[in-house]
Amino acid sequence: MSFPLNRPANLAVFASGRGSNLASILNAFPSDSQEARVCLVASNVASAAALDKAKQAGIASKYHPFPARKKDPAGQGRAAFEKQAQAWLEFHKIDLICLAGFMRIFSAEFNEHWQGKMLNIHPSLLPDFKGLHPQRQALEAGVKEAGCSVHFVDAGIDTGQIILQKRIPVLATDTEESLAARIVIEEHVAYPEAIKQVLAGKFKVAEVGL
Ligand code: GRF
């Protein structure tokens, strides 16, 4: 399978939290969109607001535990999540996974299986400030610009090919919270735009290693 498809793409969104990026994706791709439909929302957090948003929109919402690495050194919990997730993804014939505030790291096998078909959004101008607390990292580094990046997921953490970025100035008065609040506004524009570019076939799967 490669993009563009000659039918609306089936999207899955994986989220661990409030789901504001999910909401922006749902706004950009309503259920009658000819470009894409969100068919599945999955979470590792049973109480995630993202799951409620999915239910309100009449979209399949699924939960399965995915323990943090520290509590799952042998990766059994991760393997169980991935097995369940793969079953959901196949059932809904998912073409593209969008990680949107999904706070877990998949195995190399899962990442490889979905290579070129799984995106993530990160609130920094990658390759700067990967991982946790990127806004805090940006303030501590004293950079003049911050922003967000949408990228393909590869074997690393926040390292995959960048699809697009949005930049904003860092203000002298910025705190971690104020910067995060201004960046997330850009995320809500960036993610749907990046999805459209991928679905339009702007990034050939061959370019990302398949
Ligand atoms: C976003 O800033 C995203 O970039 C980061 O986690 C946050 C999730 O926000 N990875 P939301 O759940 O989409 O509101």
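Counting starts at 1 for both ligands and their atoms, in listed order. These values consider heavy atoms only, across backbone and side chains, with no hydrogens, waters or symmetry-generated copies.
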**Asked** With the threshold set at 4.0 Å, does a side-chain nitrogen-carboxylate oxygen contact exist between Arg7 and Asp95?
**Response** yes
**Message:** So, using side-chain contact (heavy atoms from CB on, under 4.5 Å) as the criterion, who are the partners of Gln86 when residues are at least two apart?
**Reply:**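 Listed in chain order: Leu89, Glu90, Phe110, His113, Trp114.
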**Asked** Who passes side-chain contact (heavy atoms from CB on, under 4.5 Å) against Pro123, sequence neighbours left out?
**Response** Pro134, Gln135, Ile183, Glu187
**Item:** Non-neighbouring partners of Tyr191 that pass ring-ring contact (aromatic ring centres under 6.0 Å, His included), sequence neighbours left out
**Value:** none
**Message:** Looking at every heavy atom in both Val198 and Phe3, which two are closest together, and how far apart are they?
**Reply:** O-CB, 3.2 Å
**Request:** Kindly give the heavy-atom pair with the smallest separation between His122 and Gly131, and that separation in Å.
**Result:** CE1-O, 3.1 Å
**Message:** Distance under 4.0 Å, heavy atoms only, partner ligand 1: which residues pass?
**Reply:**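 Residue list for ligand 1: Arg18, Gly19, Ser20, Asn21, Gly101, Ile121, Pro123, Glu187.
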